[in-house]
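Below is one structure, written out as structure tokens; the observations come after it.
All values below come from the heavy atoms of this structure, side chains included, with hydrogens, waters and symmetry mates left out. Bear in mind that the values here come from a model prediction, so they are computed numbers and not experimental data.
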Amino acid sequence: MSAVTQHDIEDDDKDAVVQRGPLELTLRRLVRDRASLVAACFIVLLIAFALAAPLVADITGHSAIEQYRQIGMSPMGLPVGPNHDFWLGADHLGRDVLVRLAYGARISLIVGVVASLAAALIGITIGTIAGFAGGKVDMVLSRIMDLVMSVPFLLCALALVSVFGPSLSLSIGVIVFFSWTTMGRVIRAEVTSLRRREFVAASRSLGAGPVSIVLRDILPNLSVPIIVYTTMMIPTAIVFEATLSFLGLGIVPPTPSWGGMLADASANSIYLVAWWLVVFPGLALLLTTLAFNILGDGLRDALDPKARPVRRSFLKRLKKEARP
């Protein structure tokens with residue numbers, strides 16, 4: 001009798017349903033997406049590459065701003081290509097491209113993360129106020145967002161740089177100014193929909209104030225769009241910084257940045273005889289923006305599986321199973 005009971009208990013344990021938390025389910029969905037997994041691995045490697053920039057400089061024995069005209073330039077005054085001294089070649093001043101690429105990754109990641117977080121915070125705050133308050137407050141804040149979106153990006157950047165001069169803080173400020181409206185519009189639309197839901201009305205009936213409703217009821221339901229849009233704002237900020245540096249409005253030389261490296265390559269058409277000056281910074285910029293965009297799409301599908309498009313192969317399999 002005891003043996004049968006033990007056998008029954010073992011069968012019940014095998015048939016028991018294992019309950020998984022939201023975080024574990026999200027990670028399982030994200031791991032199944034190979035493209036997102038590759039993008040996440042690339043971002044981790046990029047962060048490690050940026051953090052190891054001093055180590056890269058020590059290994060190569062080259063500084064990011066020092067000019068090695070004796071070994072980094074040919075007798076004709078042209079930069080040398082990739083070799084045992086300069087693994088990714090040298091630029092038009094004899095500086096190591098690999099070391100400058102590593103330090104430029106620091107600038108791009110700092111600008112991308114800081115500007116995206118600041119823009120997301122502003123957008124969440126203004127979007128939440130506009131969507132929850134409604135009426136005239138919503139109208140005024142919405143018109144402010146429309147006004148910011150109508151301001152020409154390059155014209156505003158030129159005006160600010162002519163007054164204050166190019167700097168890292170100014171670049172981040174300009175990027176934040178032109179980036180928060182996207183998050184603001186999304187959050188406003190979501191809050192406008194959520195404030196009419198039954199759980200908000202129940203909180204009001206229990207005597208909860210506006211701040212308590214926003215913090216406890218509405219914002220937790222906005223975690224998915226906040227995480228996804230913040231992630232997808234990072235590559236936009238990186239491209240903005242590269243554009244400003246390319247136009248001479250961003251990072252002050254000789255501090256390395258990917259946009260500045262592309263601008264140096266375009267000066268006097270030096271890239272026609274030194275292809276590595278365009279290929280390596282451009283490839284780093286392309287792969288970084290692509291990785292963050294793919295990761296953002298993967299996070300959206302993992303966090304909100306109901307919004308994922310249904311694949312045709314899955315539909316065909318359902319049809320086959322439904323046939324007698």
Side-chain angles (χ1 to χ4, degrees), residues 111-164 169-241 243-244 249 292-293 296-297 299-300 303-304 306-307:
V111 172
V113 173
V114 173
S116 299
L117 291 178
L121 181 61
I122 297 174
I124 293 169
T125 303
I126 295 181
T128 302
I129 294 174
F132 189 80
K136 294 182 179 180
V137 175
D138 183 19
M139 183 183 66
V140 171
L141 294 178
S142 297
R143 297 296 78 79
I144 291 175
M145 286 188 277
D146 294 337
L147 178 63
V148 172
M149 295 181 70
S150 64
V151 176
F153 168 68
L154 291 179
L155 182 61
C156 180
L158 285 170
L160 291 174
V161 169
S162 63
V163 175
F164 300 103
S169 58
L170 181 61
S171 299
I172 294 176
V174 171
I175 294 170
V176 171
F177 179 76
F178 285 98
S179 301
W180 68 269
T181 53
T182 302
M183 179 70 78
R185 282 181 170 275
V186 172
I187 297 301
R188 174 194 170 275
E190 293 289 338
V191 173
T192 302
S193 175
L194 289 174
R195 70 175 183 177
R196 300 187 179 96
R197 302 288 292 273
E198 292 80 3
F199 62 87
V200 175
S203 296
R204 283 200 182 99
S205 64
L206 294 175
V211 177
S212 177
I213 293 175
V214 168
L215 296 179
R216 294 185 178 182
D217 299 322
I218 292 181
L219 285 182
N221 288 280
L222 298 177
S223 59
V224 173
I226 289 174
I227 294 173
V228 171
Y229 278 93
T230 302
T231 303
M232 301 186 74
M233 284 167 62
I234 294 177
T236 304
I238 292 175
V239 172
F240 275 179
E241 184 277 325
T243 303
L244 292 175
L249 308 177
F292 275 106
N293 283 322
D297 291 337
L299 285 174
R300 179 187 58 196
L303 292 170
D304 190 10
K306 295 181 181 179

Least distance between heavy atoms, G112 atom then A237 atom: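 Nearest pair, atom of G112 first, then A237: CA-CB, 3.8 Å.
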
A115 and V176 have their tightest heavy-atom pair at O-CG2, 3.6 Å

To the nearest 0.5 Å, how far apart are CD1 in I122 and CZ in F177?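 So the CD1 of I122 and the CZ of F177 are separated by 10.0 Å.
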
Separation between CD1 of I238 and OG1 of T243, rounded to the nearest 0.5 Å: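 Separation between the atoms: 11.5 Å.
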
Write out all pairs satisfying side chain to side chain donor-acceptor pair (under 3.5 Å) with one or both partners inside residues 113-129, taking only residues at least two apart or from two chains. none

Identify, with sequence neighbours excluded, every residue that meets side-chain contact (heavy atoms from CB on, under 4.5 Å) alongside [X].
X    : result
V200 : R204, I213, I218
R197 : L194, F199
L249 : A157, L158, V161, L244, L247
M145 : S142, W180, T181, R185, R188

Kindly write out the residues that satisfy salt bridge (charged side-chain N to carboxylate O under 4.0 Å, His left out) with R143, not counting sequence neighbours, or none if the list is empty. D146

I'd like a table of donor-acceptor pairs (distance under 3.5 Å, sequence neighbours excluded) in which one partner is a side-chain atom from residues 219-233, with atom names and distances.
residue: N221; atom: ND2; partner: D217; partner atom: O; Å: 2.4
residue: S223; atom: OG; partner: P220; partner atom: O; Å: 3.4
residue: T230; atom: OG1; partner: I226; partner atom: O; Å: 2.6
residue: T231; atom: OG1; partner: I227; partner atom: O; Å: 2.8

Which residue pairs satisfy the ring-ring contact (aromatic ring centres under 6.0 Å, His included) criterion with at least one member in residues 121-161, sequence neighbours excluded?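 ring-ring contact (aromatic ring centres under 6.0 Å, His included) check on residues 121-161 returns F153-F178, F153-F240.
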
Side chains of L117 and L121 in contact at under 4.5 Å (non-hydrogen atoms): no

For S205, give me all partners under side-chain hydrogen bond (donor to acceptor under 3.5 Å, both in side chains), at least two apart in sequence or on another chain. none

